Q: 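Quick one: this structure, given as structure tokens, is what I'll be asking you about.
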2 protein chains.
Amino acid sequence: MEETDSRSTVEIVATAVTEAVRTGRLVPGQRLTESDFTSRLGVSRSSLREAFRRLTADGLLSAEPHRGVAVRQLSRPEVDNLFQVRGALEALAVKLALPALHRAPASLIDIQHGLDTAAEAGDMNRFSELNARFHRLFRETANNPLLNETLTRLSNSLYWLQFRILVDRQQVFETNRQHQRLTECVKANDASGAEAAMLGHIENARTLIQSLPDDHFAQVSTTRSD
Amino acid sequence: MEETDSRSTVEIVATAVTEAVRTGRLVPGQRLTESDFTSRLGVSRSSLREAFRRLTADGLLSAEPHRGVAVRQLSRPEVDNLFQVRGALEALAVKLALPALHRAPASLIDIQHGLDTAAEAGDMNRFSELNARFHRLFRETANNPLLNETLTRLSNSLYWLQFRILVDRQQVFETNRQHQRLTECVKANDASGAEAAMLGHIENARTLIQSLPDDHFAQVSTTRSD
DNA sequence: CTTATATTATTGTCGGACAATTCAACGTTC
DNA sequence: GAACGTTGAATTGTCCGACAATAATATAAG
């Protein structure tokens with residue numbers, strides 16, 4: 001099973017667990033016992049624990065002393081907090097990326113076209129993927145590794161509900177309309193308009209997620225205070 | 001030397017290293033070899049490595065594969081990136097904290113008064129401490145643990161130059177004037193004004209730091225791309 | 001003096017061991 | 001029978017020692 005020895009053991013474990021979470025084999029809130037994973041993946045506890053620690057730092061897992069790690073699942077207020085931060089940072093990304101994107105809007109227009117097509121066709125998977133690329137384009141073009149990294153971590157914290165949103169076709173159209181507005185602002189080099197459009201877009205997603213029933217969120221909000 | 005056994009070994013190591021960095025015993029860019037610290041602190045490599053990993057996640061240390069960890073020192077562009085992110089988040093903190101601070105401005109006014117006094121007296125240490133409390137007040141009142149945590153991490157990444165700024169008395173007055181403007185906006189419940197004041201304040205600090213000579217920054221900008 | 005090789009130092013990974021803590025089953029007492 | 005404290009197993013926290021993999025340094029050859 002292991003043919004790629006180029007990566008370190010920790011990386012291998014990390015990607016394996018990430019994939020397991022991504023595909024839903026590990027459900028949100030599920031506890032991950034060390035002995036279980038060391039035997040299944042054939043790695044030592046040292047490597048496993050470091051992988052867990054990294055994934056915890058990345059926001060994919062959550063850890064509690066003497067109780068191990070679990071697949072991260074945010075409570076309702078935690079999701080709210082995350083979207084507040086994400087909104088501010090995505091708006092910043094738009095501001096920073098705008099000059100470059102205005103000069104060379106090819107990739108953006110490309111993605112926008114794909115989004116329109118996917119929305120028309122009702123291809124949710126493709127739309128979801130292009131939606132991610134849409135946001136990634138801004139935060140990568142912003143040319144700020146720290147910003148990119150921080151936003152990526154926030155996205156990771158939301159993997160567990162990636163499946164549950166955008167299920168409504170009506171919502172896909174609304175979401176895409178916001179994308180279009182943002183794209184137009186970029187073409188017109190309208191900085192404040194673009195920022196506002198992105199903020200509104202994030203705010204819309206926040207409202208959408210908050211409208212989900214309780215059982216999608218973590219119960220005992222383990223608001224880990226530092 | 002250590003009489004507090006209540007904390008875990010990792011915590012003890014983490015605070016010890018943090019203190020060493022804080023007091024300047026460990027200089028920016030200095031490499032921290034494991035064997036050195038295990039023998040000096042009398043802990044195992046396991047605990048030490050986990051402490052290092054935590055401090056790295058907190059932004060105090062930087063790590064490279066097969067090369068261990070070092071006291072974090074940012075390059076000039078990295079500092080710039082950090083201040084862009086910090087500006088957006090501190091502005092968000094102001095926005096979120098404003099209602100509560102407007103209702104109960106006692107603590108803010110208290111700190112502001114202390115800042116004025118310290119600035120007059122030219123007490124740099126006290127001013128610096130109160131300055132930190134000023135910012136902390138906003139991000140703690142914002143009632144968003146994630147935001148608070150993120151901003152704390154950013155601050156940690158800048159410990160290494162905590163000494164080198166605000167050495168100029170002129171600058172202290174200018175900085176304090178910005179604090180006063182922000183405090184006034186809070187009293188007047190002027191949200192956008194307060195946000196702008198904070199952004200300007202951060203921007204000012206950014207410019208101030210960027211004016212420092214090259215040897216205060218990391219040379220080979222290890223822009224750690226993930 | 002430059003390049004290539006060998007040595008050394010340091011980190012990465014492993015396995016086992018025991019202590020500390022949590023959680024659940026059990027029995028006692030009222 | 002229910003509330004309570006106790007015992008025990010399961011799990012994590014920490015330690016030790018060892019070796020492999022890699023990077024840094026020193027040495028030798030051209």
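Worth saying up front: this structure is predicted, and the values here are computed from it rather than measured. Below, read A as the first sequence line, B as the second, and so on, with proteins coming before strands; counting in each chain starts at 1.
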Q: Looking at B:Phe37, is B:Arg40 sitting on its ring face, NZ or CZ under 6.0 Å from the six-membered ring centre and within 45 degrees of the normal?
A: yes
Q: Where along nucleotides 6-17 of chain D does protein come under 4.0 Å, by heavy atom, of base (B) or sugar-phosphate alone (S), with - for untouched nucleotides?
A: ------SBBBB-
Q: Out of curiosity, B:Ser46 OG to A:Arg45 CZ, how far, rounded to the nearest 0.5 Å?
A: 9.5 Å
Q: With no hydrogens and no angle check, just 3.5 Å: does a side-chain donor-acceptor pair link B:Glu78 and B:Ser75?
A: yes
Q: Name all residues meeting the side chain to side chain donor-acceptor pair (under 3.5 Å) criterion together with B:Gln210; count only those two or more places apart in sequence or in a different chain, and write none if there are none.
A: B:Asp80
Q: Quick one: list whatever passes side chain to side chain donor-acceptor pair (under 3.5 Å) with B:Glu203, sequence neighbours left out.
A: B:Arg206
Q: For residues 134-146 of chain B, pull every pair meeting salt bridge (charged side-chain N to carboxylate O under 4.0 Å, His left out), keeping only residues two or more places apart or in separate chains.
A: none
Q: Give every donor-acceptor pair under 3.5 Å between a side-chain atom in residues 94-105 of chain A and any protein atom, sequence neighbours left out.
A:
residue: A:His102; atom: ND1; partner: A:Val186; partner atom: O; Å: 3.0
residue: A:His102; atom: ND1; partner: A:Lys187; partner atom: O; Å: 3.1

Q: Heavy atoms of chain B, cut-off under 4.0 Å: which first and last nucleotide of DNA chain C, 5' to 3', fall inside that, if you could look?
A: C:dT11 to C:dT13
